[in-house]
Amino acid sequence: MALETKATITTFGGRFLKLSHSSSTTSTPMNFTVFIPPGASSSKPAPVLIYLSGLTCTPDNVTEKGFLHAHASKLGLALLYPDTSPRGTDLPGEHDSWDFGSAASFYIDATKEPYKKHYQMESYVTKELPELVFSEFKELDKTKVSIAGHSMGGHGALTLYLKNPGMYKSVSAWAPIANPSQCPWGEKAFGGYIGDDKAAWKKHDATELVKSWKNGPLKALIDVGTGDNFYKQKQLLPENFEAAVKEAGVEDVTVRYQDGYDHSYFFISTFGEDHVKHAAKHLGLL
Ligand SMILES: N[C@@H](CCC(=O)N[C@@H](CSC=O)C(=O)NCC(=O)O)C(=O)O
């Protein structure tokens, strides 16, 4: 599988590599970015935190405005930033709105035409991408991986973590879409990618999935800004997730409401160090 390096950027003593490849899962080109911290080598491979971005993003938003690498560099943590959807396709409706189609995959495997051939982002993020990255970069430790994300990416992080016990050492999210089957963004995405069967939607909903979690402490950190307009518009619904956690008796879930913060990268970067340290602790770096 040929990897094309689009850019190499030295920063905070480490390196960002902007990469592209042809994906057999999505049958499209796919872009992603890796941060390799200083000191990582094949004899001392770095644990990895996967960060899933939100609606409208490419890996560049977090690279340029998240500053997670500033903290990860000090701790010897690598970062992997997948793209938010396949690129290079022109499916009906794919580019008509910012909350569906391109840059809005919701990190699920679509089952509905015309999206199912390409929009296979759950399989891409959990299988093809890590296999590729760990075979290409021996300075990364495939046995130590955590996952995090923002908004749509927070939904992705929580659901991929809950669906794949043991795959990731911890999870964290900024302003996650925590109960997508009950909010307008999720209804639009699940209707378009999966169809009208609402029982099928529940398999991709963190609030539903956590009800049957039986794998011990969740090791989850969630931040939500009280000044976030999408929170106020009930797109995020973190309280529903909290209620399900409580009802199911799931331990080690921290949900923090941060006074006055919005949905933006000003919010993400403010609490970035906490999320990086949360992952680093569970990955054995702290
Ligand atoms: N274009 C929209 C706003 C879109 C937006 O806020 N996107 C967020 C993620 S929202 C949930 O997944 C984001 O991260 N944007 C990138 C950025 O750099 O801020 C509108 O007009 O309201």
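No experiment lies behind these values; they were computed from the predicted model shown. Whatever order the structure lists them in is the order used to number ligands and atoms, beginning at 1.
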Can [X] and [Y] be counted as having a side-chain donor-acceptor contact under 3.5 angstrom?
| X | Y | answer |
| --- | --- | --- |
| Glu239 | Tyr231 | yes |
| Ser97 | Lys188 | yes |
| Asn31 | Ser20 | yes |
| Asp223 | His275 | yes |

Is the closest N or O pair between [X] and ligand 1 shorter than 3.5 Å?
| X | answer |
| --- | --- |
| Ile177 | no |
| Lys65 | yes |
| His263 | no |
| Asn61 | yes |

**Request:** Could you check whether the rings of Tyr265 and His150 sit parallel, tilted or perpendicular, using 30° and 60° as the cut-offs?
**Result:** perpendicular

Considering only the protein, which heavy-atom contact is closest to [atom], and what is its distance?
| atom | answer |
| --- | --- |
| atom 6 (O) of ligand 1 | Phe230 CE1, 3.7 Å |
| atom 1 (N) of ligand 1 | Trp98 CD2, 3.9 Å |
| atom 9 (C) of ligand 1 | Leu55 O, 3.4 Å |
| atom 11 (C) of ligand 1 | Ser151 OG, 2.2 Å |

Element-labelled atoms of ligand 1 that are located less than 4.0 Å from some non-hydrogen atom of [X]:
| X | result |
| --- | --- |
| Met152 | 11 (C), 12 (O) |
| Thr56 | 4 (C), 7 (N), 15 (N), 16 (C) |
| Cys57 | 13 (C), 14 (O), 15 (N), 16 (C) |
| His150 | 9 (C), 14 (O) |

**Item:** Under the side chain to side chain contact (heavy atoms under 4.5 Å, CB included) test, residues paired with Leu237 that sit two or more places apart
**Value:** Asn179, Gln182, Cys183, Lys234, Asn240

**Complete:** Heavy atoms of Val253 and Phe241 approach each other most closely as CG1-CE2, 4.1 Å

**Item:** Heavy-atom side-chain proximity of Ser102 to His95 below 4.5 angstrom
**Value:**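 When only atoms from C-beta onward are counted, His95 and Ser102 do touch, with a gap below 4.5 Å.
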
